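So the structure is just underneath, and the comments pick up after that.
Note that the structure is predicted; figures quoted are calculated from it, not measured. Every chain is numbered from 1, with letters handed out A, B, ... down the list of sequences.
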Amino acid sequence: MDASAETIRSALLTWYDSHARSLPWRSPPGTPPPEPYRVWLSEVMLQQTTTVAVAPYFARFLERWPTVEDLAAADDGDVMAAWAGLGYYARARNLLACARAVAAQGGAFPRTEADLRALPGLGAYTAAAVAAIAFDQSATVVDANVERVVARLFAINQPLPAARKTIRAHTEALTPVERPGDFAQAMMDLGATICTPRAPRCLLCPLAAMCAGRRAGPEQFPVKAAKKAKPVRQGRAFWIERDGAVWLMTRPGQGLLGGMRALPDDAWNARRDGAAAPPLPGPWRSAGTVRHGFTHFDLELQLMLYSGSDCSSLDGAGTWWPLGRIDTAGLPTVFAKAARLALAQTEYQGE
DNA sequence: GAGCCGTGGTA
DNA sequence: TTACCAAGGCT
């Protein structure tokens, strides 16, 4: 017989009262929640992203755009550039769309899980998290931490992702009417600090006595399907420099790195056949190769330096960006790496 | 359901 | 170095 839901809830919340992580977007256990804007902003940033990575971005966004109306009025390019380096750039596009939708409704976030779920960028997890944390709604919050904790607690043998239905049902049965926000954050804190993916610290766990997975070997849960190997793609990016500035483009608004400022490239993202790159029709030399891992493929990007002087064929689809301010261009990481490589070459040549 | 979509830390 | 993985959402 499983431990009762109330036993588990009580043990978890008692643990949380003395072991909650202190985070910039969070209020201490048992105290009023932060403004919905802060809860929403942090939850979107935290999607598939670590608290350490999010913290500086959260602080910068909040300082620059203190309210959802401020963010709604922001320039698209400024928001994309401010998000640069955090990844999953569709989140930034949806963030802006969501801010504008909320501002259009008077600037107040909806208070129910269902209404939150209808906003851009809020899926099942984020809608439930904002409802529970910001509005004290008894919503079922399931993220990767909760999946792991629950899969171990009940020794769920069914592999992910098929096990999600079972895990959600267990989580829903555990979720309290009182302190639902603290409960959700407690589950996530437990997963982040005690019930970790590898080497869980069961000796410190408040739920150890109630955990079926501990007896069976906690690290085997959750069971996961095997992953596909990542392919390697090859591509080129182009460094065109003139009068102390480099030519940058803005990528199309959809797909990989959508809406982000970037170096011109040879459409490597669309090329999955591994075909050899054709020769370039002008004076170019290679500055080396940037290796970068994306979610579903690895990229070997050859950086080509333009060594000619005729830039007349460049159209209006880009901009000359001063090299002295290249770190403010808002380049995603793969192009920030390429820029560092190019600048290192330039400095070497100058010596 | 499965593919697409970033990045950096860790063992 | 390789492999895994983190407060997921959208199509």
Side-chain angles (χ1 to χ4, degrees), chain A residues 20-21 23-26 38-58 80 83-95 97-98 116-134 139-149 159-165 171 181 183-193 195-199 219 222 224-233 251-260 262 269-270 272 291-299 331-337:
Chain A
R21 287 181 293 175
L23 297 167
W25 43 85
R26 180 186 275 187
R38 297 182 179 224
V39 176
W40 163 74
L41 179 62
S42 65
E43 289 299 341
V44 173
M45 287 183 167
L46 285 161
Q47 290 166 5
Q48 293 285 286
T49 310
T50 60
T51 58
V52 172
V54 164
Y57 285 87
F58 179 77
M80 299 310 292
W83 197 276
L86 200 54
Y88 285 130
Y89 297 99
R91 291 186 296 170
R93 302 194 295 270
N94 286 330
L95 188 84
C98 181
L116 288 161
R117 179 70 179 80
L119 292 168
L122 280 82
Y125 163 76
T126 307
V130 173
I133 297 170
T140 304
V141 178
V142 184
D143 76 324
N145 287 303
V146 176
E147 281 182 354
R148 186 172 58 255
V149 169
L160 290 173
R164 296 235 157 87
K165 199 168 188 176
T171 309
F183 174 81
Q185 293 175 97
M187 290 285 278
M188 294 190 276
D189 278 18
L190 190 74
T193 64
C195 195
T196 48
R198 284 168 292 196
E219 285 185 280
K224 294 186 178 183
K227 298 195 170 182
K228 280 179 53 181
K230 282 202 289 190
V232 180
R233 295 188 204 167
R251 296 173 65 87
Q254 305 287 331
L256 189 79
L257 309 179
M260 298 301 290
N269 185 42
R272 308 182 184 197
R291 296 179 202 288
H292 187 75
F294 291 100
T295 310
H296 53 295
F297 68 93
D298 290 320
L299 175 65
L331 294 174
T333 299
V334 62
F335 294 118
K337 286 183 185 176

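- Proximity of A:Trp40 to A:Leu119: side-chain heavy atoms (C-beta onward) are nowhere separated by under 4.5 Å.
- Whole-Å rounding puts the A:Lys230 NZ to B:dT7 C1' distance at 10 Å.
- Note that CG of A:Asp189 and CZ of A:Arg26 are 4.0 Å apart. Values are rounded to the nearest 0.5 Å.
- The interatomic distance linking A:Leu299 (CG) with B:dT7 (P) rounds to 11 Å, in whole Å.
- One can place CD of A:Glu219 at 18 Å from P of B:dT10, the figure rounded to the nearest angstrom.
- Put simply, CZ on A:Arg91 is 14 Å from C1' on B:dC4, counting in whole angstrom units.
- Phosphate proximity of B:dC5 to A:His296: present, with a side-chain N or O under 4.0 Å from OP1 or OP2.
- Comparing B:dG1 with C:dG8, their C1' atoms sit 16 Å apart, to the nearest whole Å.
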Under 3.5 Å, which N/O atoms of the protein pair with N/O atoms of nucleotides 6-10 of chain C?
| from | atom 1 | to | atom 2 | distance (Å) |
| --- | --- | --- | --- | --- |
| C:dA6 | OP1 | A:Arg148 | NH1 | 2.9 |
| C:dA7 | OP1 | A:Asn145 | OD1 | 3.4 |
| C:dA7 | OP1 | A:Asn145 | ND2 | 2.7 |
| C:dA7 | OP2 | A:Asn145 | OD1 | 2.3 |
| C:dA7 | OP2 | A:Asn145 | ND2 | 2.6 |
| C:dA7 | O5' | A:Asp143 | OD2 | 3.4 |
| C:dA7 | O5' | A:Asn145 | ND2 | 2.5 |
| C:dA7 | O4' | A:Asp143 | OD2 | 2.9 |
| C:dA7 | N9 | A:Tyr125 | OH | 3.4 |
| C:dA7 | N7 | A:Glu43 | OE1 | 3.4 |
| C:dA7 | N7 | A:Glu43 | OE2 | 3.2 |
| C:dA7 | N6 | A:Trp25 | NE1 | 3.0 |
| C:dA7 | N1 | A:Arg21 | NH2 | 2.9 |
| C:dG8 | OP1 | A:Ala144 | N | 3.3 |
| C:dG8 | OP2 | A:Gln48 | N | 2.8 |
| C:dG8 | OP2 | A:Gln48 | NE2 | 3.2 |
| C:dG8 | O5' | A:Gln48 | N | 3.2 |
| C:dG9 | OP1 | A:Gly123 | N | 2.9 |
| C:dG9 | OP1 | A:Thr126 | N | 2.9 |
| C:dG9 | OP1 | A:Thr126 | OG1 | 2.6 |
| C:dG9 | OP2 | A:Ala124 | N | 3.4 |
| C:dG9 | OP2 | A:Tyr125 | N | 3.2 |
| C:dC10 | OP1 | A:Gly121 | N | 2.8 |

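- Comparing A:Ala162 and A:Pro332 by the nucleotide of DNA chain B that holds the closest heavy atom to each, the one mapping nearer the 5' end is A:Ala162.
- Atoms NZ (A:Lys228) and C1' (C:dC5) sit 19 Å apart, rounded to a whole Å.
- Base engagement by A:Leu86 is indicated by at least one non-hydrogen atom pair under 4.0 Å involving a base atom.
- The line from CZ of A:Phe183 to OG1 of A:Thr171 is 7.0 Å long, rounded to the nearest 0.5 Å.
- Between the side chain of A:Arg117 and the main chain of A:Leu122, a donor-acceptor pair closer than 3.5 Å is present.
- Under the 30°/60° scheme for interplanar angles, the aromatic rings of A:Phe294 and A:Phe297 are found to be tilted.
- As rounded to the nearest Å, B:dG6 and C:dC4 have C1' atoms that lie 15 Å from one another.
- Rounded to a whole Å, the CG atom of A:Leu331 is 14 Å from the P atom of B:dG6.
- For the pair A:Phe297 CZ and B:dT7 P, the computed distance is 10 Å after rounding to whole Å.
- For the pair A:Ala84 and A:Arg198, nearest-nucleotide mapping onto DNA chain B gives the more 5' position to A:Ala84.
- For the residue pair A:Arg91 and A:Gln47, no side-chain donor N or O sits within less than 3.5 Å of a side-chain acceptor on the partner.
- Under 3.5 Å, the side chains of A:Asn145 and A:Arg148 contain a donor-acceptor pair of N or O atoms.
- One finds a side-chain N or O of A:His292 lying less than 4.0 angstrom from the OP1 or OP2 phosphate oxygen of B:dT7.
- Atom P of nucleotide B:dG3 and atom CG of A:Leu256 are separated by 17 Å, given to the nearest angstrom.
- For C:dA7 and B:dA11, the P atoms lie 15 Å apart once the distance is rounded to whole Å.
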